Protein chains: 2
Amino acid sequence: MVWSGDRMDFVASVVTGVATLTQTMEDGRTQMVGLLLPSDFVGRPGRDHAPYNVTATTDLMMCCFRKKPFEAMMLSTPHIGQRLLEMTLDELDAAREWMLLLGRKTAREKIASLLSIVARREASLNLRGSRGKMDFDLPLTREAMADYLGLTLETVSRQMSALKRDGIIGLEGKRRVIIPDFDRLQDEAGDDTDGGYLV
Amino acid sequence: MVWSGDRMDFVASVVTGVATLTQTMEDGRTQMVGLLLPSDFVGRPGRDHAPYNVTATTDLMMCCFRKKPFEAMMLSTPHIGQRLLEMTLDELDAAREWMLLLGRKTAREKIASLLSIVARREASLNLRGSRGKMDFDLPLTREAMADYLGLTLETVSRQMSALKRDGIIGLEGKRRVIIPDFDRLQDEAGDDTDGGYLV
DNA sequence: CGTGCGGTTGATGATCATCAATTTTGGTGG
DNA sequence: CCACCAAAATTGATGATCATCAACCGCACG
């Protein structure tokens, strides 16, 4: 959709589908730096070139605003700016959570963390509680997961198989994930205790 | 200074000195998620408990505001909120840059990246250009560097020695770092080309 | 003069990356 | 509906990088 360095004269909000933000090094090493799920915002008022690649990983519908009018609206309606600040601070928290994952978690914990996050977001969309049994479609290929987690796709595949062997998750086809017991998955993720204030 | 979970009824801006933001897991694994240098802002309007540990790593002077009056001021003076949004977006970019480092860079590249960043910030404080020869005092112990980079302190020490052996940096005592050729250091960091829009 | 902290260096090992088949899956056209 | 194909995923063998465990150095400070 957008390549790093492109001119980008709009901001947008995801309505349905999934997109990713990625950074790459010259030699091709890739790191995902954001996962855009429904309700997430993308783009930055006050900057006209994209610093990241934006890629749709499923069919995607976004609600776009031309940047100029949007900026004008921000000035005239302070509430919008406040809301945007709040969302940006949440994103910053999420990014920092992710730094802990990238820097300090084992491969198994990384996978479990990613699955918990997607499961939680999925559950909150469908207004179901995040306890007990859950299932959902993974919106990411193994490669995308690897790029998110700072692993290789082979390691992702192996750890998914290991979690399945250990009964933490079930797999149906490539994409469908079944979580028989969300608390056990959470334990594998290594996050502290209750996760009360996490998204 | 502040422990994760503490009540925090102020926001602040660093005047002089260096502080760090860290997250920890129950078993003690620690990841630094922010490095606060002079001019950086800390605290979040609209939240009253700190999600991270804040630690001073040098003598530190901060300019603090009680949160309540600050929030009131934000409402009455839209410009402050706008400025804060801008700063938060910059921090988000920095966090994402750091995610690439944590997920995909080698130990050597990580060290070189950290040294470049500190050197650049140092140079901009002192109004010197960031080319050619530079030197500065590292405001971090090996352990703090390790926590920042997602490495162990032993690996940090070894890679510092390796960079010294290769003539990329010089060391004087424990803290003083001499950079004979900033461009060579930059090459070791693995960032793309010119770094034009990086901080 | 000991003691503790920060740092360096060495030996060894675990984890994860890499290279290389092979299998599964979902889609497409006959 | 089935056969075929390419992309995605799995699995195995091997190796590099970095973590771990441990010893030791130098310096500041009581």
Side-chain angles (χ1 to χ4, degrees), chain A residues 18 20 25 27-31 55-59 100-115 137-166 169-177 188 190, chain B residues 18 20 25 27-31 55-59 100-115 137-166 169-177 188 190:
Chain A
V18 178
T20 64
M25 300 170 65
D27 61 7
R29 279 176 282 174
T30 298
Q31 176 65 48
T55 314
T57 66
T58 64
D59 287 342
L100 176 64
L101 178 146
L102 289 171
R104 293 305 187 189
K105 288 191 179 177
T106 64
R108 185 185 177 96
E109 289 168 338
K110 287 179 176 182
I111 300 281
S113 301
L114 176 57
L115 293 176
D137 281 325
L138 254 188
L140 300 172
T141 65
R142 297 287 182 265
E143 189 177 13
M145 293 174 68
D147 287 341
Y148 206 161
L149 300 170
L151 298 171
T152 58
L153 64 91
E154 291 95 329
T155 299
V156 171
S157 184
R158 274 186 247 277
Q159 295 296 337
M160 291 285 286
S161 302
L163 287 173
K164 181 178 174 184
R165 253 202 321 281
D166 299 345
I169 62 174
L171 296 175
E172 239 174 45
K174 332 191 115 152
R175 291 305 184 81
R176 190 141 206 91
V177 179
E188 294 288 342
Chain B
V18 179
T20 65
M25 299 170 66
D27 62 6
R29 279 176 281 175
T30 297
Q31 176 65 50
T55 314
T57 66
T58 64
D59 287 342
L100 176 64
L101 177 147
L102 290 171
R104 295 304 190 189
K105 288 190 179 178
T106 64
R108 185 183 177 98
E109 288 169 338
K110 287 179 176 183
I111 300 281
S113 300
L114 176 58
L115 293 176
D137 279 324
L138 253 188
L140 300 172
T141 65
R142 297 287 182 263
E143 189 177 13
M145 292 174 69
D147 286 341
Y148 207 162
L149 300 170
L151 297 170
T152 59
L153 65 90
E154 292 95 330
T155 300
V156 171
S157 184
R158 273 186 249 276
Q159 295 296 336
M160 292 285 287
S161 302
L163 287 174
K164 180 179 175 185
R165 252 201 322 281
D166 299 346
I169 63 174
L171 296 174
E172 236 173 47
K174 327 191 122 153
R175 291 306 185 80
R176 191 141 205 90
V177 179
E188 294 288 341

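Below, each value reflects all heavy atoms present in this structure, side chains not excepted, and no hydrogens, waters or symmetry copies. In what follows, chains carry the letters A, B, and so on, assigned in the order in which the sequence lines appear, proteins first and then strands, with residues in each chain numbered from 1. Only a predicted model underlies this, so the values are computations on that prediction, with no experimental measurement involved.
- When rounded to the nearest whole Å, the span between CG of L151(A) and P of dA16(D) equals 20 Å.
- Here the P atom of nucleotide dA19(D) and the CG atom of D147(B) are 12 Å apart, to the nearest Å.
- In this structure, T20(B) has no side-chain hydrogen bond (donor to acceptor under 3.5 Å, both in side chains) partners at least two apart in sequence or on a different chain.
- Sorted by first and then second residue, the salt bridge (Lys or Arg N to Asp or Glu O under 4.0 Å) pairs with a member in residues 151-161 of chain A form an empty list; sequence neighbours excluded.
- Atoms CG (L138(A)) and P (dG26(C)) sit 13 Å apart, rounded to a whole Å.
- Five base pairs at each end of the helix from dC1(C)-dG30(D) to dG30(C)-dC1(D) define two local axes, and these are offset by 40° (rounded to 10°).
- Straight-line distance from the CZ atom of R29(B) to the P atom of dA19(D): 13 Å, rounded to whole Å.
- Qualifying side-chain hydrogen bond (donor to acceptor under 3.5 Å, both in side chains) partners for S113(A), counting only residues two or more places apart in sequence or in other chains: K105(A).
- Checked against side-chain contact (heavy atoms from CB on, under 4.5 Å), K164(A) has the following partners two or more places apart in sequence or in another chain: I169(A), L171(A).
- Just one of L115(A), L151(A), V156(A) meets the side-chain contact (heavy atoms from CB on, under 4.5 Å) condition when paired with K110(A); it is L151(A).
- For the side-chain hydrogen bond (donor to acceptor under 3.5 Å, both in side chains) test, no residue two or more places apart in sequence or in another chain qualifies with Q159(A).
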Which protein N or O atoms sit under 3.5 Å from an N or O of nucleotides 7-11 of chain C?
| from | atom 1 | to | atom 2 | distance (Å) |
| --- | --- | --- | --- | --- |
| dG7(C) | OP2 | R142(B) | N | 2.8 |
| dT8(C) | OP1 | R142(B) | NH2 | 3.2 |
| dT8(C) | OP2 | R142(B) | NE | 2.6 |
| dT8(C) | OP2 | S157(B) | OG | 2.8 |
| dT8(C) | O5' | S157(B) | OG | 3.1 |
| dT9(C) | OP2 | S161(B) | OG | 2.6 |
| dG10(C) | N7 | R158(B) | NH1 | 2.8 |
| dG10(C) | O6 | R158(B) | NH2 | 3.0 |
| dA11(C) | N6 | R158(B) | NH2 | 3.4 |

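- Under the side-chain contact (heavy atoms from CB on, under 4.5 Å) criterion, D27(B) pairs with M25(B), R29(B), sequence neighbours left out.
- Taking for each of E172(A) and R108(A) the nucleotide of DNA chain C with the nearest heavy atom, the 5'-most of the two is the partner of R108(A).
- Among residues at least two apart or in separate chains, salt bridge (Lys or Arg N to Asp or Glu O under 4.0 Å) pairs with a member in residues 137-150 of chain B are R104(A)-D147(B), D137(B)-R176(B).
- Here the P atom of nucleotide dA17(C) and the CG atom of L149(A) are 10 Å apart, to the nearest Å.
- The interatomic distance linking I111(B) (CD1) with dC18(D) (C1') rounds to 12 Å, in whole Å.
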